[in-house]
Amino acid sequence: MSERYLIFGNGFIAEHYTKHLTSRGEIVLLAFHSKKNPRIPSSMQRKASKDIEHVQKMLKAYNPHFIILTQGISFIPDNEKELRRSIESNIFSPLLILEAAYRLRSEDELKSLKKIVTFGSAAEYGNSDTKRWTETSKDTKPNSFYGLVKHWLFDTVRFYQQSGLPCVHLRHFNAVGAGQDARFVVSAFCKQVAMMERGTKPRIVKVGDLTQRRDFIDIRDAVAAYDLVLKHGKPGQAINICSGKVNSVKKILDILQSLTTTSFTTNVDQ
């Protein structure tokens with residue numbers, strides 16, 4: 001029997017999870033703030049209000065089994081450039097949905113609701129030892145504004161979970177895949193290589209610090225992990241969505257070089 005998924009946000013993660021869910025016949029509705037995603041059927045997207053009463057009406061009318069809160073500015077430099085917008089996007093927007101759901105549950109509504117999932121980040125851990133990145137770890141020491149606001153989100157989620165909402169918080173590591181914004185490192189490299197293959201760009205890849213090491217996870221593996229979280233995650237948990245392996249940015253570039261017949265050099269942009 002199909003279940004109802006209400007996803008707030010219609011970006012990279014929401015797009016891939018929607019395709020994953022609809023491929024198996026689930027019912028999905030996406031709520032967005034700015035504009036529709038052209039790669040998602042228009043009929044599945046609704047303009048989201050910033051008024052809590054309107055949000056309550058949407059939740060009550062749709063009566064979802066699962067609420068997925070993917071809102072937030074994921075490109076870290078943008079968070080540091082626009083502090084107010086970062087807080088509104090990463091904290092206030094999900095808080096609005098959580099408060100609306102809490103009020104409805106207090107009125108004995110949303111009886112079908114099984115789980116609410118919020119999207120945090122590996123940045124919540126700061127530079128702490130990767131061996132301590134576990135769902136039970138308390139070693140969260142954000143050392144960036146982005147990590148800080150995502151940790152504020154975790155504290156917000158914990159408050160509502162303790163108030164009775166079935167919330168699970170995901171600490172998402174570096175997802176990669178088709179359709180991702182070309183400002184992210186893997187997408188940036190792929191776009192440049194594709195342009196070189198087409199002959200529309202000189203054979204020089206613009207790079208940053210290639211020694212940086214990150215845990216990259218394919219978005220197709222990530223969406224499969226969301227299913228596991230919805231099925232097995234316990235309210236109050238913080239669960240890592242990652243591969244469990246760390247690779248250098250240089251290795252990513254080496255892999256791309258092995259996949260293309262176009263040779264290229266690199267130019268470091270400090």
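Residues take their numbers from the sequence shown, with the count starting at 1. As a basis for the values below, the full set of heavy atoms in this structure was taken, side chains included, without hydrogen atoms, waters or symmetry mates. As the structure is a computational prediction, the values presented were derived from the model and not from experiment.
- Of the charged side-chain nitrogens involved, none lies within less than 4.0 Å of a carboxylate oxygen, so that Lys57 and Glu53 do not count as a salt-bridged pair.
- At least one donor-acceptor pair under 3.5 Å links the side chain of Lys115 to the backbone N or O of Gly233.
- For Arg220, the CZ atom counts as loosely surrounded, since its 6.0 Å shell holds 12 or fewer non-hydrogen atoms of other residues, nucleotides or ligands.
- Minimum heavy-atom separation, Arg39 to Gly179: NH2-O, 3.8 Å.
- Side-chain atoms of Asn240 never come within 3.5 Å of backbone atoms of Cys242 as a donor-acceptor pair (strictly under, hydrogens ignored).
- Side-chain atoms of Asp221 never come within 3.5 Å of backbone atoms of Ile217 as a donor-acceptor pair (strictly under, hydrogens ignored).
- Ion pair Asp254/Lys251 not flagged as a salt bridge, since none of the NZ, NE, NH1 or NH2 atoms sits closer than 4.0 Å to an Asp/Glu carboxylate oxygen.
- Taking every heavy atom of both residues into account, Lys114 and Pro166 meet most closely at O-CB, 3.4 Å.
- Across Phe264 and Thr262, no two heavy atoms sit closer than the pair CD2-O, 3.6 Å.
- For Ala31 against Met58, the heavy-atom pair with the smallest separation is CB-SD, 4.1 Å.
- Between the side chains of Gln212 and Ser248, no donor N or O sits under 3.5 Å from an acceptor N or O.
- Formation of a donor-acceptor pair under 3.5 Å by the Glu26 side chain with backbone atoms of Glu3 is found in this model.
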Starting from the C-alpha separation in whole Å, work towards a yes-or-no answer on side-chain contact (heavy atoms from CB on, under 4.5 Å) for Cys190 and Val186. CA-CA 6 Å; Cys190 290; Val186 177; 4.1 Å; yes

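- In the displayed structure, Arg24 atom CZ is contacted under 6.0 Å by more than 12 heavy atoms of other residues, nucleotides or ligands.
- Using cut-offs of 30° and 60° for the angle between ring planes, the Phe154 and His151 rings count as perpendicular.
- Of the inter-residue distances, the one linking Arg105 atom CZ with Leu59 atom CG reads 11.5 Å to the nearest 0.5 angstrom.
- Geometrically, Arg171 engages Tyr125 in a cation-pi contact defined by less than 6.0 Å to the ring centre and at most 45° from the axis.
- Of the charged side-chain nitrogens involved, none lies within less than 4.0 Å of a carboxylate oxygen, so that Lys141 and Glu124 do not count as a salt-bridged pair.
- Here Leu165 contributes atom CG and Ile116 contributes atom CD1; the two are 4.5 Å apart, rounded to the nearest 0.5 Å.
- In the hydrophobic clustering of this structure, Ile204 does not group with Val193; members are Ile, Leu, Val, Met, Phe, Trp, Tyr whose side-chain heavy atoms approach within less than 4.5 Å, directly or through other members.
- Enclosure of atom NZ in Lys201 by more than 12 non-hydrogen atoms of other residues, nucleotides or ligands within 6.0 angstrom is indicated.
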Check step by step if side-chain contact (heavy atoms from CB on, under 4.5 Å) holds for Val117 and Ile67. CA-CA 6 Å; Val117 175; Ile67 297 175; over 6 Å; no

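- Contact check on Lys150 versus Asp155 returns no salt bridge, with no Lys/Arg side-chain nitrogen under 4.0 Å from an Asp/Glu carboxylate oxygen.
- Without hydrogens or angle criteria, Lys206 side chain to Thr266 main chain gives no donor-acceptor distance under 3.5 Å.
- For Lys191, the NZ atom counts as loosely surrounded, since its 6.0 Å shell holds 12 or fewer non-hydrogen atoms of other residues, nucleotides or ligands.
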Might you work through the side-chain contact (heavy atoms from CB on, under 4.5 Å) test for Leu253 and Val205, ending with a clear yes or no? CA-CA 9 Å; Leu253 195 61; Val205 175; 4.1 Å; yes

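- Of the inter-residue distances, the one linking Lys234 atom NZ with Gln237 atom CD reads 6.5 Å to the nearest 0.5 angstrom.
- By the criterion of side-chain heavy atoms lying less than 4.5 angstrom apart, applied directly or through intervening Ile, Leu, Val, Met, Phe, Trp or Tyr residues, Ile252 is not grouped with Met195; the two fall into different hydrophobic clusters.
- The one candidate from Ile52, Ile91, Asp51 that meets the side chain to side chain contact (heavy atoms under 4.5 Å, CB included) condition with Leu96 is Ile52.
- In this structure, Ser187 and Asp181 approach most closely via the heavy-atom pair CB-O, 3.3 Å.
- Remark: Phe184 CZ is packed, more than 12 non-hydrogen atoms of other residues, nucleotides or ligands lying under 6.0 Å away.
- Remark: the backbone N or O of Ser243 is paired with a side-chain donor or acceptor of Asp215 at under 3.5 angstrom.
- In this structure, Tyr226 has its ring center under 6.0 Å from that of Phe119.
- Salt bridge annotation for Glu88-Arg84: absent, with no cationic side-chain nitrogen under 4.0 angstrom from a carboxylate oxygen.
- Taking all atoms of both residues into account, the shortest heavy-atom contact from Lys35 to Asn10 is O-ND2, 3.0 Å.
- In this structure a side-chain-to-backbone donor-acceptor pair under 3.5 Å is missing from Ser89 to Ser86.
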Salt bridge (Lys or Arg N to Asp or Glu O under 4.0 Å) evaluation trace for Glu15 with Lys19: CA-CA 6 Å; Glu15 175 186 337; Lys19 291 178 180 178; 3.1 Å; yes

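- For Lys111 and Asp108, the salt-bridge test passes: some basic side-chain N is under 4.0 Å from an acidic carboxylate O.
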Give the C-alpha distance, both sets of side-chain angles, the deciding distance and a yes or no for side chain to side chain donor-acceptor pair (under 3.5 Å) between His169 and Thr118. CA-CA 5 Å; His169 184 67; Thr118 55; 2.9 Å; yes

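- Judged purely by atom type and a 3.5 angstrom limit, Arg4 uses its side chain to pair as donor or acceptor with the backbone of Asn63.
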